[in-house]
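Quick caveat, the model's predicted, so the values are computed rather than measured.
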Amino acid sequence: MKGNEAIAEAAVQAGCRFYAGYPITPQNEIPEYMSWRMPEVNGVFVQAESELAAINMVYGASAAGVRAMTSSSSPGISLKQETISYLAGAELPAVIVNIQRGGPGLGNISGSQADYFQAVKGGGHGDYKLLVYAPYNLQEMWNLTMLAFDKADEYRNPVMILGDGVIGQMVEPFYPKPYVRPELPVKDWVLDGCKNREPRVIKSLYMGEGELEMRNNILQKKYKVMKDKEVSFEGYYTEDSEIIIVAFGIAARIALSSVKRLRSEGFKVGLFRPITLFPFPEKELFMLARESRRFITIEMNAGQMVEDVRLSINGISEVLFYGRPGGTIITPAEVQEKILQLFNHQPYLA
Amino acid sequence: MARPLSLKEISKKEVLISSGHRMCAGCGAPTVIKMVLLASDYPIIAATATGCLEVSTCISDYTAWKIPWIHSAFENAAATISGVETMYRSLKKQGVISKEIKFVAFGGDGGTYDIGLQSLSGAVERGHDMLYICYDNQAYMNTGIQRSSATPRGADTTTMPAGSVVPGKTEPRKNLTRIMAAHDLPYAAQASPSHWMDLMKKVRKAFDIKGPKFMNILSPCNRGWRSRTDEAIMLSRLAVETCHWPLYEVEYGVTKITFKPKEKKPIVDFLKPQGRFKHLFKPENEWMIKKLQEDIDREWERLQKEASLSAP
């Protein structure tokens, strides 16, 4: 099973019964899988005529109370941004999968991490946040997809799975743990016919004096709760490390190989891997900041998450960056070389 | 009106799309593009929507196009060429350019029937002097054979796979040429590379008409149609002879069928050589073939009626 198929099957098992998609490489396995899998569970698969149509179908299905998902890759996710903002504004749960490819523009079709800003800083218009998960192997593709549906419902907020072409296409063993539905708030906002009850309204338009500010304050309060409760990360050998690599997704996986290798050679290096990109593990990184310690952010882009790492570290430690943009895959050897430069007190050249 | 080109003249013209592009062996699209470019007496500027043609003609630093060529995104070849054409008109008015240049946009069926329909309709309504060419291979071939609204009923695709319950695509294909003709644009036509004289004549006619023009050209894809690499022209011919793909044009509201098969072949002749229709020949799916035949008969009847209404 490919990473993309793991996401699709996890979604089905988590109760996703509506999927709308549109072809774009390297995520085509998701719509293709859903096209035959959804009918088996009495779910709906729709191939839309564009990404815009697909995300708006999700908006409609979600308002009707169904667990709904769409997926695409970078250029297609750009097209979806308007409605992602609407989903956030109308507080509609949805799961959006971005199997990132190289950009900008048409770019290429190899794995990339250049949509970090788009995913965590907004992407669409207005003050809104998505809950953003960054899986780094197939096990997490599976687990986080299931979690994404729960969190979307819990917060009435769109959740993004920020994967990439590498893990999307990768095949590896994992344990497909069965879905266990947690206790979730009743969907008392769903538009399912108002016979014998008060009509409900789902919208993102607030034109009255002060109305929109109030709505925004409510949203911000929700994002604050997410920041307090939903931060997820993993640390590897961070306690005694002189150098800590910060990386997410596929870059973290590559960096972990380098860390293990360097550790076996006696170098005190560790890895800090954010699993949620929003909320970002700011406090946790700050706790690791020391004057004697250096951080290096490794990303498959020209330097995006490094800004959040610097904000978190707040000047206490030096924060360096190494990355390769344009869908170029970093090798463990490259990372090792960079780290060794730092240990050997050679001038750092990014 | 442009006089027809002789084969001798065509053979002496420079082919403006070079060999060495990365389209698959046996693909119909490069043949179609070659014919379109050869048909022109004017210099051409082309825009291409994202798709097989775009990806495989601009690999790395190379381009297969010997003409000015622009690509922007998937959904907006018509909008992109609108921008280029408008600027050209402005510069011409200002006296900066005097040359007569023709503007062409190429899009596949995904980029034309589906995601690009809005920008195409907009460009036609604004009246840009351009020719939009849809090379229709009847599915999203570039991303791996997903259904499009140009996919015929019954075809097996990766997002509408033929199985024990669903016999391939259940919906009929969208009649885009009619939709475009309904814009009341000066010229809309349907063509096929099997009838190359007809195709090139239509292109030449289109270039001599001011305003927006649209041509829908069938372009067999052996990967998606599951056919042999040497069957593109044969299959496009069968599409015409079975009236799956009638050759006609609508010029200022006047419909003219440009090729009437002497004997209309049954649709089975078109379906048989293609793997994507293989499952239709199982006894339980025979109704689907019947349905396909009915669709074709109805549309052919209608088209003939439409043509007879505008007959002189």
Side-chain angles (χ1 to χ4, degrees), chain A residues 2 4-5 8 19-42 44-56 70-82 99 101-110 165 168-169 326-327, chain B residues 48-60 70-77 80 107-121 139-151 156-166 168-171 173-174 176 179 224:
Chain A
K2 280 187 179 185
N4 284 336
E5 290 162 333
Y19 172 89
Y22 188 71
I24 185 169
T25 313
Q27 63 84 51
N28 289 315
E29 292 80 7
I30 302 178
E32 286 171 10
Y33 190 92
M34 288 301 202
S35 74
W36 62 267
R37 185 71 174 101
M38 272 299 185
E40 286 186 350
V41 292
N42 289 323
V44 175
F45 162 82
V46 188
Q47 186 187 319
E49 76 279 15
S50 69
E51 282 89 354
L52 269 69
I55 187 78
N56 281 290
T70 185
S71 65
S72 194
S73 179
S74 310
I77 295 291
S78 295
L79 278 170
K80 290 182 197 285
Q81 290 303 330
E82 181 192 35
I99 302 299
R101 61 188 242 181
L106 198 56
N108 59 21
I109 55 170
S110 54
Q169 296 297 324
Chain B
T48 302
T50 306
C52 291
L53 177 69
E54 169 269 327
V55 169
S56 2
T57 53
C58 62
I59 300 275
S60 311
I70 183 171
H71 161 262
S72 148
F74 195 10
E75 68 280 17
N76 42 26
T80 307
D109 48 296
T112 310
Y113 282 67
D114 290 344
I115 197 168
L117 188 57
Q118 182 176 329
S119 83
L120 172 58
S121 180
Y140 290 84
M141 303 309 186
N142 189 39
T143 45
I145 323 167
Q146 293 86 10
R147 90 190 271 284
S148 79
S149 58
T151 306
D156 176 34
T157 59
T158 51
T159 50
M160 208 74 178
S164 52
V165 182
V166 181
K169 193 184 168 193
T170 43
E171 303 80 17
R173 52 178 289 273
K174 189 190 272 182
L176 182 66
I179 294 173

Peer 1: Can you say whether the rings of B:Y140 and A:Y22 are parallel (under 30°), tilted (30 to 60°) or perpendicular (over 60°)?
Peer 2: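 Rings of B:Y140 and A:Y22: perpendicular, as their planes differ by over 60°.
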Peer 1: Using modelled atom types and a 3.5 Å cut-off, is there a donor and acceptor pairing between side-chain atoms of A:Q47 and backbone atoms of B:R147?
Peer 2: yes
Peer 1: Taking atom CD as the centre, does B:Q118 end up with more than 12 heavy-atom neighbours from other residues, nucleotides or ligands that are less than 6.0 angstrom away?
Peer 2: no
Peer 1: Which atoms of B:E54 are under 4.5 Å from chain A, going by heavy atoms: the side chain, the backbone, both sets, or neither?
Peer 2: side chain
Peer 1: With a 4.5 angstrom heavy-atom cut-off, is it the side chain or the backbone of B:Y113 that approaches chain A, or both, or neither?
Peer 2: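 For B:Y113, neither part sits under 4.5 Å from chain A.
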Peer 1: Which atoms of A:I24 come close to chain B, meaning under 4.5 Å heavy atom to heavy atom: side chain ones, backbone ones, both, or neither?
Peer 2: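 Only the backbone of A:I24 comes within 4.5 Å of chain B.
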Peer 1: State, to 0.1 Å, how close B:T159 and A:S35 come at their nearest heavy-atom pair, and which atoms those are.
Peer 2: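 Looks like O-CB, 3.2 Å.
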Peer 1: So, do A:L79 and B:E75 sit near enough that their side-chain heavy atoms are less than 4.5 Å apart?
Peer 2: yes
Peer 1: Identify which part of B:Q146 has an atom lying under 4.5 Å from any heavy atom of chain A, answering side chain, backbone, both or neither.
Peer 2: both
Peer 1: On a heavy-atom basis, which atom in A:E32 and which in B:T143 lie closest, and how many Å separate them?
Peer 2: OE2-O, 4.4 Å
Peer 1: Side chains of B:T158 and A:N28: closer than 4.5 Å at any heavy-atom pair?
Peer 2: no
Peer 1: Go through the atoms of A:L52 and report whether side chain, backbone, both or neither lie under 4.5 Å from a heavy atom of chain B.
Peer 2: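 For A:L52, no heavy atom lies under 4.5 Å from chain B.
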